[in-house]
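Notes to accompany the following structure.
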Amino acid sequence: MKYVATVGGQEHVVDVAARADGRYRLVVGDREWDVDARLTAQGIYSLLIDGISHVADVVDADGACLVDVGGETYAITVEEQTRHIIRTRGGAAPGGSGQTLRAPLPGKISRVAVRSGDAVKAGDTLLVIEAMKMENELRAGAAGTVLDVRVQAGQAVNAGDVLIVMG
Amino acid sequence: MKYVATVGGQEHVVDVAARADGRYRLVVGDREWDVDARLTAQGIYSLLIDGISHVADVVDADGACLVDVGGETYAITVEEQTRHIIRTRGGAAPGGSGQTLRAPLPGKISRVAVRSGDAVKAGDTLLVIEAMKMENELRAGAAGTVLDVRVQAGQAVNAGDVLIVMG
Amino acid sequence: MTIAKLLVANRGEIAVRVIRACREQGIATVAVFSEADREALHVQMADEAYAIGAAPAADSYLVIDRLIEVARASGADAVHPGYGFLSENPRFAEACAHAGLTFVGPPAAAMRALGSKTAARNLARQMGVSMVPGTVDALTGDEAAVRTAREIGYPVMLKAAMGGGGKGMRLVRQESEMAEALRSARAEAGAAFGDTAVYLERAVVEPRHVEIQVLADAHGNVVHLGERECSIQRRHQKLIEECPSPLVDPAMRQRMGEAACRLAKAARYVNAGTVEFLVDADRNFYFLEVNARLQVEHPVTEMVTGIDLVREQLRIAAGEPLGYGQADVTWRGAAIECRINAEDPFAGWLPSPGTITGLRAASGPWVRDDSGVYEGYTVPRFYDTMLAKLIVWGADRAAATARMRRALAEYTVVGVRTTIPLLARIVAHPDFAAARLSTAFLERVLPDIHANDARFEAVAIIAAVLAEYEHGRRAALPQPSNDGASDAWRRGPRTGWSR
Amino acid sequence: MTIAKLLVANRGEIAVRVIRACREQGIATVAVFSEADREALHVQMADEAYAIGAAPAADSYLVIDRLIEVARASGADAVHPGYGFLSENPRFAEACAHAGLTFVGPPAAAMRALGSKTAARNLARQMGVSMVPGTVDALTGDEAAVRTAREIGYPVMLKAAMGGGGKGMRLVRQESEMAEALRSARAEAGAAFGDTAVYLERAVVEPRHVEIQVLADAHGNVVHLGERECSIQRRHQKLIEECPSPLVDPAMRQRMGEAACRLAKAARYVNAGTVEFLVDADRNFYFLEVNARLQVEHPVTEMVTGIDLVREQLRIAAGEPLGYGQADVTWRGAAIECRINAEDPFAGWLPSPGTITGLRAASGPWVRDDSGVYEGYTVPRFYDTMLAKLIVWGADRAAATARMRRALAEYTVVGVRTTIPLLARIVAHPDFAAARLSTAFLERVLPDIHANDARFEAVAIIAAVLAEYEHGRRAALPQPSNDGASDAWRRGPRTGWSR
């Protein structure tokens with residue numbers, strides 16, 4: 001079974017085969033790995049690779065999965081190779097486009113700093129969202145023009161809600 | 001929905017109804033209870049009853065379930081009332097009969113103290129099963145005659161295996 | 001007036017901490033919970049628990065009348081406010097007194113004399129405790145703020161009069177920042193303490209934060225339990241605290257302790273309190289404020305002195321004398337506390353509410369986990385982000401540091417992002433080992449600290465692909481029967497896969 | 001000869017304990033595991049882990065050659081044996097030495113002089129340490145046993161020469177019981193230690209078990225860390241241990257400590273060791289045996305002295321001097337340890353292997369959980385039943401006792417039966433509070449201890465019926481899609497129900 005794993009913009013082709021003894025044979029790029037892997041608890045994996053013991057936590061985070069191992073965190077997208085080829089030939093990028101500002105977490109809009117038509121430069125405060133008793137400023141990632149403001153101060157929003165559309 | 005809960009030989013008829021707000025109304029015998037119950041983790045329940053906070057662990061143990069609450073443990077059998085009526089009218093007793101000695105846990109038979117035909121009195125050692133580095137003596141619960149010995153020393157057994165049949 | 005049943009007017013780990021202390025003293029406990037907290041750990045651990053209102057604290061944990069009502073109805077004879085919320089609100093202390101409830105904390109009068117920073121600064125001045133120059137009273141308006149700032153010179157610090165934990169604090173580098181700083185400081189102060197009053201003082205550059213723990217009984221006995229250093233902060237929120245301070249020697253400890261006790265006596269203070277100081281590069285200490293309550297970081301003092309601070313609070317509130325003097329207080333070894341918050345330090349410190357799907361707390365020798373959460377718990381978005389406090393003790397600071405590194409490496413939280421990876425990097429940083437501490441520590445070392453390097457990337461890829469692979473295999477399996485499915489729900493999951 | 005990488009020749013909580021100490025010392029760790037232990041916690045916590053054979057210890061954890069082979073192949077330069085298994089086997093110590101591996105424990109010679117109880121009794125006699133009358137050497141045959149028993153008079157105690165933890169011990173009340181007692185004692189000793197030798201001594205009636213912890217470095221420095229009382233036992237298996245002993249005052253501690261150090265010096269003992277004594281009703285102490293290894297109950301000594309015993313073992317093995325003397329050893333407060341075993345004390349103490357489907361360990365102030373298990377772990381049936389050790393510290397014995405009651409009430413293990421309910425009842429028993437302790441304590445109080453009373457029966461019925469009710473409702477729900485099912489597997493369970 002072949003997959004494409006994308007981490008940090010880098011794509012890796014990974015071939016997996018389960019062995020009779022519950023171990024796995026993986027080929028990542030041109031390197032082969034013999035892995036003894038167990039799911040010891042929900043989302044917590046014990047991996048023995050060439051005698052080295054790793055504990056890796058794997059959780060889904062919209063589309064990608066987050067892997068914590070050895071105190072490091074990696075955001076990795078894994079797709080079956082065939083699906084990956086089809087999708088990339090199609091050319092549509094995964095996830096939301098950079099043109100819309102979405103709520104990164106549920107909370108309450110405490111202040112909106114722009115209105116539609118405003119020209120903003122990178123780093124300008126667009127709005128402030130209050131969650132868990134902290135005011136979190138959301139700033140423009142790049143220069144642009146505000147096309148539409150979908151929320152107003154005092155409004156409660158859920159993670160992923162579109163807040164502002166930029167042009 | 002009506003159930004029969006059996007604990008310590010005592011049968012209790014229990015009527016349950018879920019409420020809109022996620023609470024429950026139970027009638028046990030002639031007493032009514034308003035219960036706010038949550039499954040906060042696998043097998044661990046938080047119950048608020050008249051403001052008193054209880055944490056109860058409920059696990060299945062062949063047929064019955066074991067409930068740990070407030071440092072006490074209760075073995076309780078719960079059946080739908082209709083099923084209970086049918087079964088009891090049938091008259092078949094639940095669980096294994098006292099005539100057979102079954103292995104209480106997986107292990108290895110380290111010694112068989114009787115052979116078929118032997119007459120034994122209550123408390124006589126029938127056999128010794130070794131598990132977790134301890135020798136556990138199984139003794140006769142009452143006087144009787146050994147009809148059949150199904151195992152021999154050195155043999156590995158699983159929990160529930162019939163070891164000896166008594167008459 | 002012994003205490004038989006106590007209401008805990010708080011939530012999270014501190015509510016659990018108080019419940020544990022009560023249980024050990026044979027005191028029955030009453031928890032209160034908002035609509036968001038029905039499944040919180042403190043509700044499960046208390047003997048009784050009652051709903052007090054909607055999720056926002058202003059509609060539940062801050063509603064004095066409701067708390068008094070529950071205390072009365074449940075037959076409680078005492079109230080512990082924890083920290084934050086109403087813990088330093090004299091009106092709450094008075095309401096308890098009027099209702100005949102023992103308030104486990106200082107009397108309202110002492111709270112007024114010390115709990116308000118401005119009042120405390122007045123008293124400290126009278127008692128000859130050195131202070132950072134600034135306004136003694138709350139600022140009346142923006143003009144006054146600008147005027148005073150000009151007098152004492154920028155940078156200046158805005159602080160909430162009722163403040164604690166850095167809420168409502170703002171550093172103002174120049175006059176142009178003053179208006180916005182005042183607005184947000186007042187807003188935050190209002191939300192956190194129900195009082196928008198703020199004051200102003202000169203900002204000491206790269207100070208160290210050192211505080212003295214004080215215990216005072218109702219009979220006039222006052223002792224100090226030495227200091228805690230809490231210099232590692234972000235936006236005035238403490239991240240890591242330790243006892244003793246690597247900076248403080250016995251002589252300095254004695255001087256700071258005496259100043260703190262002098263202040264407590266002058267205010268007729270009773271119960272546990274903390275006197276905070278700023279310490280400059282020349283080891284001069286300046287009075288900062290008094291926290292008229294239990295501190296988040298109280299455990300490091302407990303581990304080193306062997307004194308159970310919550311137990312002492314309960315004894316003092318019940319009118320018992322301390323029963324020991326300053327000479328009986330001894331310090332052994334070193335303790336460090338790390339605050340584990342549901343924030344992602346590598347994604348702009350965004351709060352990370354959600355369900356904790358996996359949890360393995362650190363444990364073992366001299367590791368203490370003061371937690372408010374459990375596996376399966378959903379962290380609500382309405383309250384502060386602290387999940388747990390990880391405390392370690394060691395024979396010396398080096399041993400405690402090594403132990404904290406070990407414990408942070410063990411501590412596994414799956415499902416929500418936490419500050420653990422950042423804390424691990426801080427504790428491993430040479431500046432931490434060398435105790436090069438100041439409130440600017442974090443800003444200074446953050447550039448050396450990276451979200452991750454590639455050393456485990458291959459392992460991560462393998463884990464991710466195997467998860468996806470098994471995911472696919474599972475999906476291909478035949479469906480379990482109704483019984484199978486519901487038994488799984490009932491008996492606990494098959495963590496199968498290679499079983 | 002500093003230690004860079006250490007192989008832990010053990011499993012369970014003690015392997016985890018050693019790995020933690022190594023991590024704190026910057027020593028890399030190598031775990032070994034049998035076929036039954038691939039998913040054990042020590043395998044996950046170590047830096048490296050290697051399979052060493054089949055599930056039975058005789059085919060894995062007791063195979064000296066295999067352990068040496070793994071140590072060599074992994075590049076380890078030291079071996080820690082933990083307790084039990086090969087920890088007191090001089091042939092293992094020698095095999096390590098021959099392979100150029102530092103053995104973290106006493107030299108083989110000292111082991112032979114003390115590790116064998118019969119040899120130790122000879123030495124103790126020479127050193128003038130008082131002893132219970134009995135045979136000095138291993139019994140040659142049944143006749144010899146019967147003869148000696150007649151001489152010293154019944155009741156007598158059979159003990160394994162290589163013994164520890166009560167394995168291979170039998171009380172013989174009269175001659176008719178001798179044959180069966182010898183048979184089973186030898187069988188148990190053979191299985192546990194690979195040596196069937198047993199000896200015999202007079203049984204002291206209702207003795208108290210008090211032991212002295214000793215530390216000796218390679219340079220002739222020997223100190224004792226005071227005593228532990230381990231009188232609460234079942235079938236010579238310790239259940240609850242504490243430090244200090246309520247019976248021992250400073251003078252008695254000094255006398256016992258000096259006797260223990262004298263013995264250690266005479267045997268040229270190096271590393272951590274324990275000298276066990278029986279104490280009779282008149283507070284006379286009799287030498288019992290030496291445990292030439294780390295004890296299960298070492299944590300209570302650690303909590304009271306502040307000395308990390310495993311760290312000291314590693315330092316001593318590396319050739320470092322202790323660096324402190326007897327006068328530097330101080331004791332603060334009291335500590336208690338409870339052993340949490342997978343046994344059902346209310347069902348004939350039957351071992352209860354199985355999967356731990358739910359686990360909430362006790363935590364918070366001065367609570368230490370030394371555990372070898374985790375939620376989702378399946379307890380194998382091949383090894384001893386100990387899951388974890390729960391240790392608490394308090395300012396005095398009363399505070400520690402109250403804390404242990406609190407901690408045991410918190411400790412939740414779902415899926416396997418444990419000794420927790422019994423431990424909770426013992427710690428709550430008036431005889432425990434009054435320290436009326438002896439090795440007969442358990443037999444004496446068991447009649448007062450009941451599996452349960454009816455006080456929570458109604459709540460239990462409600463919980464059981466609600467579980468069944470929701471079980472039925474779930475079964476009635478439409479099946480989740482493939483994706484739903486596998487996502488649940490992948491993301492962690494929906495603990496839904498009222499969510």
Side-chain angles (χ1 to χ4, degrees), chain C residues 16-17 20-21 23-26 45 299 302 306-308 310-311 332-333 355 357-358 360-361 363-371 374-376 378 393 395 399 402-403 405-406 409-410 414-415 467 470-472 474-476 479-480 482-483 485-487 489-493 495-497 499, chain D residues 16-17 20-21 23-26 45 299 302 306-308 310-311 332-333 355 357-358 360-361 363-371 374-376 378 395 399 402-403 405-406 409-410 414-415 467 470-472 474-476 479-480 482-483 485-493 495-497 499:
Chain C
V16 171
R17 170 71 181 95
R20 282 172 165 155
R23 186 141 296 164
E24 293 171 5
Q25 298 305 299
M45 289 188 67
E302 292 183 321
I307 294 172
D308 181 334
V310 180
R311 181 185 187 212
R332 177 195 263 185
T355 299
T357 55
R360 283 189 201 165
S363 61
W366 293 288
V367 171
R368 168 176 170 179
D369 180 40
D370 276 22
S371 173
Y374 56 88
E375 183 168 307
T378 298
W393 179 91
R403 185 156 288 136
R405 290 179 64 166
R406 185 269 289 177
E410 272 180 32
V414 185
E470 285 297 329
H471 171 58
R474 286 292 169 116
Q479 280 307 295
N482 279 358
D483 256 55
S486 38
D487 280 359
W489 162 81
R490 195 168 167 210
R491 291 215 184 95
T495 50
W497 198 35
R499 283 269 166 79
Chain D
V16 171
R17 170 72 181 94
R20 282 172 165 152
R23 186 141 296 161
E24 293 171 5
Q25 298 304 301
M45 289 188 67
E302 292 184 320
I307 294 173
D308 181 335
V310 180
R311 180 186 188 212
R332 177 195 264 185
T355 299
T357 55
R360 283 188 201 166
S363 61
W366 292 289
V367 171
R368 166 176 170 179
D369 180 41
D370 276 23
S371 174
Y374 56 88
E375 182 167 308
T378 298
R403 184 157 288 137
R405 290 179 65 167
R406 186 269 289 179
E410 271 180 32
V414 185
E470 284 298 329
H471 171 58
R474 286 291 170 119
Q479 280 308 295
N482 281 355
D483 256 56
S486 39
D487 280 358
W489 162 81
R490 194 167 170 209
R491 291 214 182 96
T495 47
W497 199 35
R499 283 272 168 76

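These numbers come from a predicted model, not from an experiment. Throughout, a chain's letter reflects where its sequence line sits, starting with A, and its residues are numbered from 1.
At least one side-chain heavy atom of Arg311(D) sits less than 4.5 Å from a side-chain heavy atom of Gln25(D). At a threshold of 4.5 Å between non-hydrogen side-chain atoms, the residues Val16(D) and Ser371(D) do not count as touching.
Most heavy-atom pairs under 4.5 Å with chain C, from the set Ala399(D), Ala395(D), Pro365(D), Ala402(D): that is Pro365(D). Across Arg332(C), Arg17(C), Arg360(C), Glu375(C), the residue that shares the most heavy-atom pairs under 4.5 angstrom with chain D is Arg332(C). Options Arg368(D), Arg23(D), Glu302(D) differ in how many heavy-atom pairs under 4.5 Å they form with chain C, and the most are formed by Arg368(D).
Judged by distance alone, with hydrogens and angles left aside, the side-chain atoms of Thr355(C) form no donor-acceptor pair with the main-chain N or O of Gly376(C) at under 3.5 Å.
If you measure heavy-atom distances from Glu410(D) to chain C, the contacts under 4.5 Å come from the side chain alone.
Cation-pi geometry between Arg403(C) and Trp393(C) is not satisfied (NZ or CZ under 6.0 Å from the ring centre, within 45° of the ring normal).
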